[in-house]
Amino acid sequence: MANLFPRWSNWLPIKILVCGVVIATAVTAGFWYYFTPKYTRVGYMPVQPVAFSHNIHATQLGMDCRYCHSFVEVAAHSNVPNTQVCMNCHTQVQKDNPKLAAVRESWKSGLPVDWVQIHKTPGFAYFNHSVHVNRGVSCFSCHGELNKMEVVFEKKPLSMGWCLECHRAPENNLRPRDQVFNLNWKPADENPQKFIEKYGPLSDSAGAVPAKLTQVQIGSVLKHDWNVRPPTDCAGCHR
């Protein structure tokens, strides 16, 4: 009896299976790579009701982060400044500027300015803001150079993997507490002799005082001195 199908059709199911596996792998890899916070959140820059420039306030005017974000050192969540904070200055400074119309309207009505939140963690992830800044993690580490931003955007992915990178090697981000809110600080700015006198010897210097300190040298000393041991297991953030 003659074959109903040509001989090449015997390989057709295998070819379909192989193609299906390749396509499924490519789709999975695409989702895995591109549908992560690195691509879905980094760069997020929503339009705000007021064109607020951190560059003007923090860099040009030299305002401390904590004047507006007053809870960062004492609360689990940082705060967006209320209208009262804005009007402490803007009842006198730029009081008729049309760009501040939403602030003045909020002041009159008693209703808050409808700011759009940018940096946030999922509800199922525990995060305490004050713990981090009180252990030498600067605003810069998580939010980038906010002091130079005309419009705030999400600089870092704030994903689980990104957080774990720091928790596994906190020395890469720790700095002296008095420099946490100095977003222009660099490791080389530290005086090596004074740093060693205050925090103790470097672990890799064999007693010698280097001309300049590196981030890892500074972070390693502070990690030991402050007994910094961030959790790396699931229970640390998913409680």
Side-chain angles (χ1 to χ4, degrees), residues 23-50 52 54 58 65-83 85 106 111-147 149 151-175 177 180-181 183 215-216 219-220 222-224 226-239:
I23 293 172
T25 301
V27 170
T28 301
F31 270 87
W32 189 276
Y33 189 69
Y34 290 104
F35 283 78
T36 61
K38 181 178 181 181
Y39 288 92
T40 59
R41 292 289 300 180
V42 170
Y44 175 54
M45 184 191 295
V47 176
Q48 300 287 0
V50 179
F52 180 87
H54 276 75
C65 312
R66 291 163 290 185
Y67 181 78
C68 298
H69 304 287
S70 53
F71 295 169
V72 294
E73 295 178 291
V74 297
H77 303 282
S78 179
N79 61 304
V80 175
N82 58 35
T83 305
V85 174
S106 170
L111 298 175
V113 177
D114 193 18
W115 299 105
V116 180
Q117 186 177 1
I118 299 174
H119 306 95
K120 50 187 169 183
T121 52
F124 54 78
Y126 173 81
F127 176 83
N128 189 304
H129 204 280
S130 63
V131 168
H132 289 74
V133 297
N134 284 303
R135 276 295 177 266
V137 179
S138 172
C139 319
F140 176 85
S141 296
C142 300
H143 304 303
E145 293 181 300
L146 282 168
N147 57 321
M149 293 184 186
V151 180
V152 174
F153 63 94
E154 186 149 327
K155 179 71 174 180
K156 309 286 185 177
L158 307 184
S159 63
M160 182 175 71
W162 178 82
C163 292
L164 282 172
E165 287 179 4
C166 182
H167 276 221
R168 289 168 178 157
E171 61 273 12
N172 292 327
N173 289 287
L174 299 180
R175 62 174 68 183
R177 287 194 189 99
V180 166
F181 300 102
L183 303 192
Q215 172 59 56
V216 173
S220 297
L222 297 179
K223 176 183 175 181
H224 178 268
W226 297 339
N227 193 29
V228 175
R229 295 182 295 173
T232 57
D233 61 344
C234 304
C237 299
H238 304 292
R239 302 183 178 185

Intermediate values then yes/no, side chain to side chain contact (heavy atoms under 4.5 Å, CB included), V113 and T83: CA-CA 7 Å; V113 177; T83 305; 3.9 Å; yes
Heavy atoms of other groups near H238 NE2, more than 12 under 6.0 Å: yes
I need the full list of salt bridge (Lys or Arg N to Asp or Glu O under 4.0 Å) pairs touching residues 151-166, with sequence neighbours left out, sorted by first then second residue. R41-E154
Set of side chain to side chain donor-acceptor pair (under 3.5 Å) partners for S220, sequence neighbours left out: none
Look up atom NZ in K223 and atom CG in N172, then write down how far apart they are to the nearest 0.5 Å. 9.0 Å
Check: N147 side chain, A58 main-chain N or O, donor-acceptor pair, under 3.5 Å: no
When you measure from the side chain of S106 to the backbone N and O of L111, does any donor-acceptor pair fall under 3.5 Å? yes
Within a reach of under 6.0 Å around CG of D114, are more than 12 heavy atoms found that belong to other residues, nucleotides or ligands? no
C234 side, atom SG; R239 side, atom CZ - distance, nearest 0.5 Å: 13.0 Å
More than 12 heavy atoms of other residues, nucleotides or ligands under 6.0 Å from CE of M149: is that the case? yes
Test item: Y67 and V85 side chains (from C-beta on) under 4.5 Å apart, heavy atoms: yes
Can any side-chain N or O of N82 pair as donor or acceptor with the backbone N or O of P112 at less than 3.5 Å? no
Give a yes or no answer on whether the side chain of E73 reaches the backbone of N134 with a donor-acceptor pair at less than 3.5 Å. no
If we ignore hydrogens and angles and just use 3.5 Å, is the side chain of E171 paired with the main-chain N or O of Q215 as donor and acceptor? no
Do the rings of H143 and H129 sit parallel, tilted or perpendicular, given the 30° and 60° boundaries? parallel
Side chain to side chain donor-acceptor pair (under 3.5 Å) against T232, all qualifying residues, sequence neighbours excluded: none
If you round to the nearest 0.5 Å, how far is CZ of R229 from NE2 of H167? 14.0 Å
Please tell me whether F127 and H132 form a close aromatic pair, meaning their ring centres lie under 6.0 Å apart. yes
Could you grab the distance from atom NE2 of H69 to atom CG of L146, nearest 0.5 Å is fine? 7.5 Å
Could you go through R66 and V180, starting from their C-alpha distance and side-chain angles, then the distance that decides it, and tell me whether this counts as side chain to side chain contact (heavy atoms under 4.5 Å, CB included)? CA-CA 11 Å; R66 291 163 290 185; V180 166; over 6 Å; no
Whether N173 side chain and S138 backbone form a donor-acceptor pair below 3.5 Å: no
Indicate yes or no: at least one non-hydrogen side-chain atom of L222 is less than 4.5 angstrom from one of V228. no
